[in-house]
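For reference, the structure discussed in these notes is given below.
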Amino acid sequence: MRLSRYFLPVLKENPAEAQIVSHRYMLRAGMIKQQAAGIYSWLPLGYRVLKRIEQIVHEEQVRAGHIPLLMPTLQPADLWRESGRYDDYGQEMLRIKDRHERDMLYGPTNEEMITDIFRSHVGSYKDLPMTLYHIQWKFRDEVRPRFGVMRGREFLMKDGYNFDVDRESALHAYNRHMVSYLRTYERMGLTAIPMRAASGPIGGDNTHEFLVLASTGESEVFYDDRVTALKLGARDIDYDNWDQVAKVCEEFTTLYARTDETHDEAVFNGVPEEHRKVGRGIEVGQIFYFGTKYSEAMGATVVTKDGSKVPVEMGSHGIGVSRLLGAIIEASHDDKGIIWPEGVTPFHVGIVNLKQGDAEADAACEALYKSVAALGLEALYDDRDERAGGKFATMDLIGLPWRITVGPRGLKNGVVELTSRRTGESVELPPEQAIERIAQIYAGI
RNA sequence: CGGGGCGUAGCGCAGCCUGGUAGCGCGACGGUUUUGGGUACCGUAGGUCGUAGGUUCGAAUCCUAUCGCCCCGACCA
């Protein structure tokens with residue numbers, strides 16, 4: 001993308017309404033525009049990152065054997081009357097009447113609807129296990145939306161629902177989700193710690209939240225700091241292997257890690273003092289096993305091998321997709337702007353032409369731009385007729401992890417400059433080698 | 001939902017107390033200058049002062065109502 005033809009409305013000054021760093025940078029980098037309290041338009045740069053995150057979530061869900069579908073944002077109230085939640089959910093649920101005075105609602109989550117789909121079409125243990133998920137906009141009419149996309153009223157969420165014939169199989173689904181989530185967050189450059197949580201309105205007794213450590217987090221967290229060193233890495237996971245998956249879960253949930261909701265001071269004091277940490281975290285996902293709460297209420301049953309009819313065992317599992325943008329920025333920024341992890345960056349590399357209009361510099365930039373495209377990667381080429389300082393400031397603000405700087409001085413010696421946004425380190429290289437480095441960097445992402 | 005604050009040009013703000021023809025910085029546009037980390041100067045455009053009503057000869061300014069937004073707390077992906 002040539003910046004001169006892109007829509008990137010960056011702001012030089014901090015908008016007054018933004019209090020935390022991720023909100024400020026998202027506004028300043030021209031990623032979002034607020035339309036109402038907790039409701040945002042996604043401008044081109046923000047939309048790119050949102051799509052990248054969404055794509056990673058999809059890939060890891062499919063890898064775990066889960067099946068994508070798409071349910072509507074608007075739902076009939078009757079489904080929620082069946083589960084009893086139409087009355088329980090309270091003011092957070094946006095209730096709407098259509099022209100025929102029918103009660104509708106903008107979905108805050110989809111347990112009822114997915115259960116309805118399931119009961120309409122599935123009746124046998126032979127069809128199980130099955131996990132269905134979608135990535136769809138949700139609306140929860142928060143009393144006080146804040147922190148930009150971190151606590152919006154409208155937000156994009158991946159929510160998945162597993163259906164299993166018995167408790168053991170459903171617990172495997174729970175574990176499978178935990179492992180797939182670990183991989184999902186790692187691909188985004190995040191350390192998200194599964195912490196034992198309280199169940200809230202979804203119900204159920206087995207639940208973990210995934211927390212990204214950040215000083216601006218809304219939850220207080222208590223943990224053994226050795227959990228932050230755990231990495232799933234590139235290990236090969238067979239998601240159908242119950243033992244392997246369970247072992248990974250054990251590895252990641254044995255050390256103490258809890259939110260203030262489930263914190264137990266006595267147990268916490270058993271953690272060696274040098275590892276005992278109290279901090280704050282941003283919740284970026286949660287998994288639940290709730291058994292037959294919805295299937296019983298809504299009559300979702302399957303026939304088992306021995307011919308008996310049982311309510312299907314379920315769980316639900318969510319990832320806050322739009323919130324993740326905020327969480328990633330909170331975890332990865334400096335005083336100049338955002339620092340995108342390679343996995344979610346809106347463009348893989350920025351090209352800065354220090355002297356637009358200089359025939360040699362222009363030609364070198366064009367060649368680099370084409371070379372990046374030939375790698376199957378995307379460059380943002382700052383071809384504006386701006387001063388070097390302004391171009392650097394923009395690149396730093398929007399946070400592309402790698403920048404190639406091209407100017408007449410370097411070209412005289414046959415080199416361009418490759419700079420890491422994260423470390424600030426630069427190396428001078430011939431253009432071909434800079435492209436090779438970019439190719440290597442993104443080879444494993 | 002309790003407490004506090006703010007709505008004036010695209011963004012950041014001053015002016016309000018003490019009523020008298022709406023201002024500054026950044027940005028945008030045109031030019032000169034400059035060119036490896038937001039250069040300097042000249043010029044231009046842009047505002048029903050959130051909205052409605054009231055007081056007044058006269059309201060951004062005073063009064064009333066209303067809408068919106070932000071912050072702190074209680075609640076939540």
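Under 4.0 Å is where a charged nitrogen must lie from a carboxylate oxygen, and between A:Glu218 and A:Arg144 no such pair does.
Taking atom CD on A:Glu261 and atom P on B:A74, their separation rounds to 13 Å, with Å as the unit. B:G38 atom P lies 18 Å from atom CG of A:Leu3, rounded to whole Å. Taking atom OH of A:Tyr89 as the reference point, atom P of B:C75 lies 16 Å away to the nearest angstrom. To the nearest angstrom, P of B:G38 lies 17 Å from CE of A:Met395. With rounding to whole Å, A:Gln19 atom CD is found 5 Å from B:C71 atom P. The CE atom of A:Met93 sits 16 Å away from the C1' atom of B:C75 (whole-angstrom rounding). A straight line from CG of A:Asp385 to P of B:G31 spans 11 Å, rounded to a whole angstrom.
Within the 3.5 Å criterion, the main-chain N or O of A:Glu154 finds no donor-acceptor partner in the side chain of A:Tyr40. Of the possible polar contacts, one joining the A:His348 side chain to the A:Glu378 backbone as a donor-acceptor pair under 3.5 Å is found.
The base-pairing partner of B:C24, taking Watson-Crick or G-U wobble contacts with both distances under 3.5 Å, is B:G12. Summarising the base pairing, B:G36 is matched to no nucleotide, lacking a Watson-Crick or G-U wobble pair whose two defining distances lie under 3.5 Å. Judged by Watson-Crick or G-U wobble contacts below 3.5 Å, the nucleotide B:C1 has B:G73 as its partner. The nucleotide B:G68 finds its pairing partner in B:C6, both defining distances of the Watson-Crick or G-U wobble pair being shorter than 3.5 Å.
Taking the side chain as every heavy atom from C-beta outward, A:Arg63 and A:Glu60 approach each other to under 4.5 Å. Residues A:Tyr47 and A:Val49 fail the side-chain proximity criterion, which asks for heavy atoms closer than 4.5 Å. Residues A:Asn162 and A:Pro129 fail the side-chain proximity criterion, which asks for heavy atoms closer than 4.5 Å.
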Next item on the list: Evaluate the ring-ring contact (aromatic ring centres under 6.0 Å, His included) criterion for residues A:Phe252 and A:Tyr181: first the C-alpha distance (whole Å), next the side-chain angles of each, then the deciding distance (0.1 Å), finally the verdict.
Entry: CA-CA 12 Å; A:Phe252 278 82; A:Tyr181 278 25; over 10 Å; no
Margin query: Evaluate A:Arg183 against A:Glu186 for salt bridge (Lys or Arg N to Asp or Glu O under 4.0 Å), listing each step before the verdict.
Written below: CA-CA 5 Å; A:Arg183 173 156 275 163; A:Glu186 278 189 21; over 6 Å; no
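Checking A:Ala18 against A:Arg409, the closest nucleotide of RNA chain B that is more toward the 5' end is the one next to A:Arg409.
The base of B:G37 is paired with the side chain of A:Arg403 by a donor and an acceptor separated by under 3.5 Å.
Atom CG of A:Asp164 is separated from atom CD of A:Glu313 by 8.0 Å, given to the nearest 0.5 angstrom.
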Sort me out a list of protein N/O and nucleotides 9-15 of chain B N/O pairs below 3.5 Å, or just none if empty.
{"residue": "B:C11", "atom": "O2", "partner": "A:Glu13", "partner atom": "OE1", "Å": "3.1"}
{"residue": "B:G12", "atom": "OP1", "partner": "A:Ala16", "partner atom": "N", "Å": "3.0"}

When you compare the protein's N or O atoms with those of nucleotides 27-29 of chain B, which come within less than 3.5 Å of each other, and at what distance?
{"residue": "B:G27", "atom": "OP1", "partner": "A:Lys12", "partner atom": "NZ", "Å": "3.4"}

